[in-house]
Structure formats: C-alpha cells, structure tokens
Protein chains: 2
Amino acid sequence: MPLDRIDRRILERLQRDGRIANADLAEFVGLSASACLRRVRTLEEAGIIDRYVALLDQSKIGRRMDIFVEISLKSQSNETLSAFEEAVARSTEIMECHLMAGDADYLLRIAAADPVDFERIHRDHLARLPGVSRMRTSFAIRAVSRNTAFSLPETGPDLPQQAKAK
Amino acid sequence: MPLDRIDRRILERLQRDGRIANADLAEFVGLSASACLRRVRTLEEAGIIDRYVALLDQSKIGRRMDIFVEISLKSQSNETLSAFEEAVARSTEIMECHLMAGDADYLLRIAAADPVDFERIHRDHLARLPGVSRMRTSFAIRAVSRNTAFSLPETGPDLPQQAKAK
DNA sequence: TTTCCTTCGGCACACCGATACGCATGGCTG
DNA sequence: CAGCCATGCGTATCGGTGTGCCGAAGGAAA
C-alpha cells in the first residue's frame, strides 16, 4: 500500500497524539473531516495503524527499573524456540523480546519496581522459561529516551513507502 | 497518588485500547460515564497517563530491522554524558536509549528499513554522537513480542500503588 | 450520637464531534 | 469522448462528552 504525503502526515500526527479529534486532524493535514476519516479507516484496515494505546509514566506507577536479559538456549531446534517464545508471549512482565543474531539468542526487556520485585519476576517468570542455558542480566540506571513514533521521511511527493507486506 | 481497583482497571483498559469511548470504558469498569471521565482526567493530570499514541506496524511501514547498539563513552564526566544524551534526544531514528550499569554505558535501539538504511542511520546519526569511544552493534532477526502495557497487579482492594513521585 | 465536612458517584442536559450519506471533480482508459 | 474509479466536499443526524447539581457514604469532632 502506497503512502502519499497526506497519509504520512496523518500517521505522524497520530503517532504523537492518538486521541486527536478527527476534525482537528483533518485541519492539520488540510482535508475535510470526512476525507480524513476515510484515510484513517483505510490505514487502520490495512493494519498500518496497528492499535491505539495509552502510555503510562513508568516511574509514577512504580516501575523504575528497566532490566535487559540476554538469553541463550540449549538448542536451536524449532521446538525449543517455539516453546520458549510461547512462554514469553504468555508472560505479562516481559515487555519486549527479540530473536537476535550474535552471541545471545534472545534479548528481553523487563520493567520491575525494585530489586525485590525483580527477584519475584526472575523466580516466577524468567526462571520458568523453557530451554534456557545461559542468562545474562544488565540493569538500566535510567531511561534517557523512549520513542514509539517512527519518522516517516518526506521522500518525494508520493513515494510508495514500501510495497505490500502481506 | 493511590490507585484503587477501579483506577487500575481503567489503566489496564486504556493501555490496550487508548481510543475506547468513555461511555464504554465506564460500563467496563462499572461506573457512570461522568464518574469514569473524572477519574480518567485525574489520572491524566497526575501524569500517570503520560500520553496517547497510535502504534504502527513496523514491518508494514518498512522498518523490518531492529538494531541494538551498545555504546561506551570516552569519559563519564557530566558534560560528556549530557552532550551525548542531548544528541540522542534530537535524533528521530533512535527509538530507545538507556543509561546502563555494566560494561557499556548506553544501550540504544534503532529501527531501520534494511542494511542500506542502517548505513544511512549509522553515518548520519550514530557516527555523529559526541564522546563515543566504542560501539557494539547487534541485529535482531525478529521481534517476538512488543508490549507497551504494564500489568497492574490486583494487589488488595485498595493498595496505594506507590506514593507521590513528584 | 449528632453535626459538619469531604469525597465520590449518579443523573440530566446542552453541545460538539463523529459518521454516513449524496454529489462534484478530475484523471485514466477503452 | 464517454464511462469509470478514486477522492474530496458539504450536510444532516446521531451519539458521546463534559458540566452542574444533588445525594449518599464515611470520618472527625463536639
């Protein structure tokens, strides 16, 4: 699905303010409300807009520690990977999980309240992940920046940002 | 600010669907629309709800590569750190940056379209960060899970989740 | 216990925005 | 040039939002 200049402006705006009123968004991108709404719906249906969420202030809800955990598995077999990934998906404490190239197999990010809370997460979540051979934990002292918005370059008047991903 | 059971349900819901109509949210948590709206406003004003955003499908906008970069600085002086962090904050390509305990000083996450795009980002963004002594890059093959919602434990009927963070 | 006070939820209403039409315009193709 | 598709505009309607007011529940002090 090609994204023209207007689509990109819509996405840019919605990435910063997911709750903006359609009328305001329309004015911002220079369309009528109905035309703008139609584009937003199209972007939603295409799955380009995945979902809308509220982001909480991590420190204000008491999750001050970010912890990164590098994990190596005992084997690289399909079953081992699948079992591990399913367990990760079930855990509500694992904020992010990436399959990595390089020394470690997976990289996880955990948000914990404090060391005691991390111990709980370690015991109840991390230690129960199947197939783990090695775990290396790094603590973050402070989150410098956290960004959910991708920049959508103004590449020409109407560059097909990228073809179908389906 | 103490969060009671209803507040936590509101937050849980808004973390999953930031665009839910207030009337529906009210029904979900078992309040009238007005009472519910008042609570949401309070949570917003307290900064517990930081902001609302639209999340895009990273692969559908052509950002298929996640790259983690560990960075060590030449010095740990305040000026070096500040200069580095300010440069990071200005970059639109750096999705996350954490000050770390352990070998590396910082951990960054970058979202790139492909290797060529990463080269551009490396050249125009990473290579220009001030004070860097060493950089170690790891590629993610695939994002297994990505979660923006914190679980808000149902700790008792009305546990002060945590005191003022101001 | 009574009274005062604070907090919080429900109710009702006025208003604003979302949404679904129908119509107009313009580019492309046969 | 005629028809078609895509896309935008304007409007009318409907539903949600947000405010003002009242009443209930709980706590403190006399």
Side-chain angles (χ1 to χ4, degrees), chain A residues 1-55 60-61 152 154-164 166, chain B residues 1-55 60-61 152 154-164 166:
Chain A
M1 175 182 177
L3 299 176
D4 66 15
R5 183 193 297 274
I6 294 179
D7 289 322
R8 290 195 297 269
R9 291 197 74 189
I10 288 176
L11 292 175
E12 228 155 71
R13 197 66 205 274
L14 283 176
Q15 284 189 102
R16 284 187 285 120
D17 179 7
R19 260 204 152 169
I20 185 173
N22 180 58
D24 296 341
L25 181 60
E27 193 196 342
F28 178 72
V29 301
L31 285 183
S32 70
S34 53
C36 179
L37 184 64
R38 206 157 30 202
R39 278 175 181 263
V40 172
R41 290 283 174 273
T42 306
L43 291 167
E44 286 168 1
E45 272 149 32
I48 293 182
I49 296 175
D50 181 40
R51 60 191 198 274
Y52 300 90
V53 301
L55 298 181
K60 292 212 173 123
I61 55 167
L152 300 167
E154 289 286 340
T155 16
D158 188 358
L159 176 80
Q161 180 66 11
Q162 78 113 353
K164 62 207 172 283
K166 198 176 192 182
Chain B
M1 174 181 176
L3 299 176
D4 66 15
R5 182 191 296 275
I6 294 179
D7 289 322
R8 290 195 298 268
R9 289 196 76 190
I10 288 175
L11 291 176
E12 230 154 69
R13 196 68 206 272
L14 283 176
Q15 283 189 103
R16 282 187 287 120
D17 179 7
R19 261 203 152 169
I20 186 174
N22 180 60
D24 297 341
L25 181 61
E27 193 196 342
F28 178 73
V29 301
L31 285 184
S32 70
S34 57
C36 179
L37 184 64
R38 247 184 322 243
R39 277 177 181 261
V40 172
R41 289 283 175 272
T42 306
L43 291 167
E44 287 168 0
E45 271 150 32
I48 293 181
I49 297 175
D50 181 38
R51 62 190 197 276
Y52 299 90
V53 300
L55 298 181
K60 290 210 175 124
I61 55 165
L152 300 168
E154 289 285 339
T155 17
D158 188 358
L159 175 79
Q161 179 66 11
Q162 78 112 350
K164 61 202 172 283
K166 200 174 190 184

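Throughout, protein chains are lettered first and strands after them, A, B, ... in sequence-line order, and every chain is numbered starting at 1.
Applying the salt bridge (Lys or Arg N to Asp or Glu O under 4.0 Å) test to A:Arg13 and every residue at least two apart in sequence or in another chain returns nothing. With sequence neighbours excluded, no residue forms a salt bridge (Lys or Arg N to Asp or Glu O under 4.0 Å) with B:Arg38. By the salt bridge (Lys or Arg N to Asp or Glu O under 4.0 Å) test, A:Arg16 pairs with no residue at all, sequence neighbours left out.
Within the 3.5 Å criterion, the main-chain N or O of B:Leu55 finds no donor-acceptor partner in the side chain of A:Arg51.
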Next item on the list: Give the C-alpha distance, both sets of side-chain angles, the deciding distance and a yes or no for salt bridge (charged side-chain N to carboxylate O under 4.0 Å, His left out) between B:Arg9 and B:Glu12.
Entry: CA-CA 5 Å; B:Arg9 289 196 76 190; B:Glu12 230 154 69; over 6 Å; no
Next item on the list: Report, as a single string ordered 5' to 3', how protein heavy atoms within less than 4.0 Å touch nucleotides 21-26 of chain C: B base, S sugar-phosphate only, - not at all.
Entry: ------
List, with names and distances, any nitrogen or oxygen atoms from the protein found under 3.5 Å away from nitrogen or oxygen atoms belonging to nucleotides 14-17 of chain D.
{"unit_1": "D:dT17", "atom_1": "OP1", "unit_2": "B:Asn22", "atom_2": "N", "d": "2.5"}
{"unit_1": "D:dT17", "atom_1": "OP2", "unit_2": "B:Asn22", "atom_2": "N", "d": "3.3"}
{"unit_1": "D:dT17", "atom_1": "OP2", "unit_2": "B:Ala23", "atom_2": "N", "d": "2.8"}

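Between A:Ile6 atom CD1 and D:dC9 atom C1' there is a gap of 13 Å when expressed in whole angstrom units. Following rounding to the nearest Å, B:Leu31 (CG) and C:dT7 (P) show an atom-to-atom distance of 18 Å. A straight line from CD of A:Glu27 to C1' of C:dG17 spans 14 Å, rounded to a whole angstrom. Rounded to an integer number of Å, the gap from CZ of A:Arg5 to P of D:dT7 is 17 Å. With rounding to whole Å, B:Asp4 atom CG is found 12 Å from C:dG9 atom C1'.
Atoms CG and CD1, from A:Asp7 and A:Ile49 in turn, are 9.0 Å apart once rounded to the nearest 0.5 Å. The structure places CD1 of A:Ile61 at 11.0 Å from CG of B:Leu43, a figure rounded to the nearest 0.5 Å.
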Result block: side-chain N/O donor-acceptor pairs under 3.5 angstrom for residues 22-36 of chain A, not counting sequence neighbours:
{"unit_1": "A:Asn22", "atom_1": "ND2", "unit_2": "A:Ala33", "atom_2": "O", "d": "3.0"}
{"unit_1": "A:Ser32", "atom_1": "OG", "unit_2": "A:Ser34", "atom_2": "OG", "d": "3.4"}
{"unit_1": "A:Ser32", "atom_1": "OG", "unit_2": "A:Ala35", "atom_2": "N", "d": "3.3"}

